[in-house]
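Heads up: the structure comes next, in structure tokens.
Each ligand, and each atom within it, is numbered from 1 in the order the structure gives.
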Amino acid sequence: VSQNRRIVLAARPIGLPKESDFRLETVPIPEPADGEVLVRTLYLSLDPYMRVRMSEGRSYASPIALGEVMIGGAVGEVERSRDRRFAPGDLVEGRVGWQEFGAVPGGSLRPVDCGLGPISTALGVLGMTGLTAYFGLLEIGRPRPGDTVVVTAAAGAVGSIAGQIARLAGCRTVGIAGGADKARSLRDRFGFDHALDYKAADDLAGAIAAAAPHGVDVFFDNVGGVIADAVMDNLARGARIVVCGTVSQTSLARPEFGPRAQAKLMAAWASMQAFNVYQFRDRHEEARARLAAWLRSGQIQHREDIVDGLDRAPRAFTGMLRGENSGKLLVRVAARKAAP
Ligand SMILES: NC(=O)c1ccc[n+]([C@@H]2O[C@H](COP(=O)([O-])OP(=O)(O)OC[C@H]3O[C@@H](n4cnc5c(N)ncnc54)[C@H](OP(=O)(O)O)[C@@H]3O)[C@@H](O)[C@H]2O)c1
């Protein structure tokens, strides 16, 4: 193979992205410069933050330029290396983007330890999403045994793990997700004590009050918007609100108006704190080891939603922003050359 297939940003989306906002291109495989590593992508991670980076001037990070390769984390195999730390055949994780081959700085890559779990888990439960659940819940949410923890987008990659860590911390867990199938999986697969389908609820705040009669001590929020408003009507005294993400707002031209948070926080003596998984970078390996042990012992379950073929990434990504994924959304781009 001498060609690289890649997906670039073709147009800035208005509202929910469309498949035509992306373009598949075939170009020569890049040559790694000194200090760079050529990585052949095996799995590509699809994540809500990518939607933010497709728009101009809306983010803490710079937008993707038109015609530029879509950004994204991937696990892959080292094809060629001009960094002494890596050799052909090594498994690595890093920002390769939506493409079959990427030349990336060696210093930005993380070696993947196959002993911890299947390769794909390096992007999910043992990767960025699992670490987000871990630090968001334990460090920002600070759960105590007996607390009631509510998680939104609870059947998703981050939410499903956050809920299970809360249960391991001795909490009662309430998961909120869209659709009857997801609500069922919250109870049957991920062990939530209560599951609420926000799409079927006429009175979501009332349903949360019934599931959390003593109030919500920790609210792990992935979505924002009206679902978060309903949870915030049910805060217990001293509640901690973990602002993990606002996926319900990212495709809107302007954030929705809603009730202001201050009065609700004051009434409950509550705190609200956003975080970024990379602020805990120094502790990622310690957390990964704990997540791997829980996974091995069966104390946490994870679910992956795997789509085959790079060309299907745009469709899968736009579907995720409509809630079509169940668990960690990944694209299988290629198979490993030599089985481990
Ligand atoms: N702070 C950090 O460092 C950090 C790091 C990683 C991820 N995050 C955030 O964590 C959140 C979850 O990410 P993920 O990768 O685990 O994705 P995910 O939950 O697997 O997928 C996104 C889910 O969001 C829900 N959703 C989409 N549009 C929605 C809408 N308009 N209203 C309500 N729900 C909607 C859908 O679930 P339903 O079908 O249940 O609606 C969808 O399945 C995101 O907000 C992401 O930005 C934060």
More than 12 foreign heavy atoms under 6.0 Å from CZ of Arg260: is that the case here? no
Applying side chain to side chain contact (heavy atoms under 4.5 Å, CB included) to Arg312 and not counting sequence neighbours gives Val307, Asp308
Are Lys182 and Asp197 close enough for a salt bridge, meaning some N to O gap below 4.0 Å? no
Under the rule for salt bridge (charged side-chain N to carboxylate O under 4.0 Å, His left out), what residues qualify as partners of Arg187, not counting sequence neighbours? none
Please tabulate, for side-chain N and O atoms in residues 203-218, each donor-acceptor pair with protein atoms closer than 3.5 Å (sequence neighbours left out).
from: Asp203; atom 1: OD1; to: Gly206; atom 2: N; distance (Å): 2.9
from: Asp217; atom 1: OD2; to: Thr148; atom 2: N; distance (Å): 2.8

Pairs under 3.5 angstrom, nitrogen or oxygen on both sides, ligand 1 versus protein: list them out, please.
from: ligand 1; atom 1: 1 (N); to: Cys244; atom 2: O; distance (Å): 3.1
from: ligand 1; atom 1: 1 (N); to: Phe275; atom 2: O; distance (Å): 2.9
from: ligand 1; atom 1: 3 (O); to: Val277; atom 2: N; distance (Å): 2.8
from: ligand 1; atom 1: 10 (O); to: Asn222; atom 2: OD1; distance (Å): 3.3
from: ligand 1; atom 1: 16 (O); to: Ala157; atom 2: N; distance (Å): 3.3
from: ligand 1; atom 1: 16 (O); to: Val158; atom 2: N; distance (Å): 2.8
from: ligand 1; atom 1: 20 (O); to: Ala157; atom 2: N; distance (Å): 2.9
from: ligand 1; atom 1: 20 (O); to: Asn325; atom 2: ND2; distance (Å): 3.0
from: ligand 1; atom 1: 21 (O); to: Asn325; atom 2: ND2; distance (Å): 3.3
from: ligand 1; atom 1: 28 (N); to: Leu321; atom 2: O; distance (Å): 3.4
from: ligand 1; atom 1: 39 (O); to: Lys182; atom 2: NZ; distance (Å): 2.6
from: ligand 1; atom 1: 40 (O); to: Gly178; atom 2: N; distance (Å): 2.8
from: ligand 1; atom 1: 41 (O); to: Tyr198; atom 2: OH; distance (Å): 2.6
from: ligand 1; atom 1: 43 (O); to: Lys182; atom 2: NZ; distance (Å): 3.3
from: ligand 1; atom 1: 43 (O); to: Asn325; atom 2: OD1; distance (Å): 2.6
from: ligand 1; atom 1: 45 (O); to: Asn222; atom 2: O; distance (Å): 2.8

Nearest 0.5 Å please: distance from the CZ atom of Phe192 over to the CD atom of Gln164. 7.0 Å
